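Worksheet: one structure, shown below.
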Amino acid sequence: MSSRLSSAPWGTLPDGTVATLFTLCNAHGTTVQVSDFGALLRSVQTRDRGGVLGEITLGFDGLDAYLDNPWCIGALVGRVANRIAGGQFVLDGEAYQLPVNDGPNHLHGGVRGFHLRRWDAEPFETASSAGVVLALTSPADEEGYPGTLDVTVTYVLSDDDVLALDVRATTDAPTIVNVTHHAYFNLEGPGGDVYDHLLRVPADAYLPTDAASIPIGEVRPLADTPFDFRGPTRLGDRLRPETIAADPQLARVNGYDHTFVLRQEDGLNLAADVHAPRSGRTLEVWTTEPGVQVFTGYGPHAGLALETQHFPDAPNQPDFPSIVLRPGDTYVHQTHFRFGTTR
């Protein structure tokens with residue numbers, strides 16, 4: 001393979017198959033590692049304002065740590081990301097019970113979701129990009145979901161410092177689909193916290209949740225709440241113990257684990273932008289999805305997850321955008337991570 005694209009064995013899975021790690025590199029030296037196990041984003045390295053290349057995502061050194069990955073670090077999550085209350089939903093008059101793996105709820109696809117599956121991989125490159133297409137067939141009744149689902153996810157790293165994620169899925173029977181990507185970013189580099197990061201989320205509302213982190217069905221305005229990130233806001237100011245303790249929503253999860261309702265037009269819309277003042281690194285997240293889950297709980301506060309997705313518990317919330325996929329239709333989810341620096 002060329003200097004833009006390389007691959008290497010990454011370890012042996014419990015079934016005896018060998019996982020592969022693909023390395024993508026662009027003209028600026030930005031480097032991304034993707035694995036066919038879990039469709040993982042293993043690593044992202046970008047330059048700081050001084051031109052020094054450094055890691056900006058959380059992850060593990062070896063494959064073995066990802067075989068038990070309850071935090072879904074770096075993984076593509078599905079068949080349905082986030083939570084479904086009681087693991088139960090009704091589709092076309094038929095009731096379904098999914099495994100519960102988060103207290104009373106179904107979370108991130110269940111006991112063996114997409115993040116614990118090996119995907120078929122096909123690397124590729126063009127004159128200005130490198131990428132890999134990963135494909136998976138999820139059979140009917142896997143983790144309790146109806147319908148056989150064929151999924152592809154394409155990662156593309158381009159010379160304009162954009163990592164593009166494109167997820168598509170089709171089914172042979174009505175089912176539900178809501179895929180997200182679960183990278184944790186720390187633009188100052190792993191090992192510290194994200195308190196000095198400046199976060200902006202161009203949303204006007206968020207989804208408050210109950211004690212089990214299930215949306216209560218209300219779309220609540222952000223104004224005059226600690227959820228208002230419409231202007232660049234230092235995360236540490238919102239994650240002070242006294243600030244968290246003063247808001248029941250924040251206190252319950254020791255920070256943020258909530259969906260922000262994005263302003264939507266056709267195509268990609270800005271979900272979040274982040275600036276790390278010390279390193280000068282920036283990150284913009286653009287997506288076709290109606291929401292972004294802002295999660296600060298790992299570590300805690302060691303990384304920032306910005307999970308673009310449809311809303312949690314959507315099958316049980318008739319006012320939320322539908323996540324039903326029917327035969328003949330194609331599920332499409334696009335998210336772009338745009339990397340940069342400021343002086």
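Quick caveat, the model's predicted, so the values are computed rather than measured. Counting begins at 1 with the first residue of the sequence.
- Within the model, atoms CH2 of Trp10 and CG of Leu63 stand 5.0 Å from one another, a figure rounded to the nearest 0.5 Å.
- No side-chain N or O of Gln33 forms a donor-acceptor pair with one of Ser35 less than 3.5 Å apart.
- Using modelled atom types and a 3.5 Å distance limit, the side chains of Arg79 and Ser138 yield a donor-acceptor pair.
- The aromatic rings of Tyr145 and His106 sit perpendicular, their planes meeting at an angle over 60°, well past the 30° parallel limit.
- At a cut-off of 3.5 Å, with distance as the only test, a side-chain donor of Arg252 or Thr209 sits close to an acceptor on the other residue.
- Between Glu284 and Arg200, none of the side-chain N atoms (NZ, or NE/NH1/NH2) sits under 4.0 Å from a carboxylate O, so this pair counts as no salt bridge.
- The residues Arg326 and Asp92 are annotated as salt-bridged, a charged nitrogen and a carboxylate oxygen being separated by less than 4.0 angstrom.
- Distance CD1/Ile84 to CG/Asp313: 7.0 Å, rounded to 0.5 Å.
- The ring-ring contact (aromatic ring centres under 6.0 Å, His included) contacts involving residues 323-343 comprise Phe185-Phe337, where partners must be two or more places apart or lie in separate chains.
- Comment: Asp36 engages Arg118 in a salt bridge, judged by a side-chain N to carboxylate O separation of less than 4.0 angstrom.
- Within the structure, no pair that satisfies the salt bridge (charged side-chain N to carboxylate O under 4.0 Å, His left out) test touches residues 39-52, not counting sequence neighbours.
- With no hydrogens or angles considered, a side-chain donor-acceptor pair links His310 and Glu289 at under 3.5 Å.
- Checking each of His115, His182, His181 against His108 for a ring pair (Phe, Tyr, Trp, His ring centres under 6.0 Å) leaves exactly one that passes, namely His182.
- Taking the side chain to side chain contact (heavy atoms under 4.5 Å, CB included) definition, one finds that Val261 meets it with Ala205, Leu207, Val219, Phe311, sequence neighbours left out.
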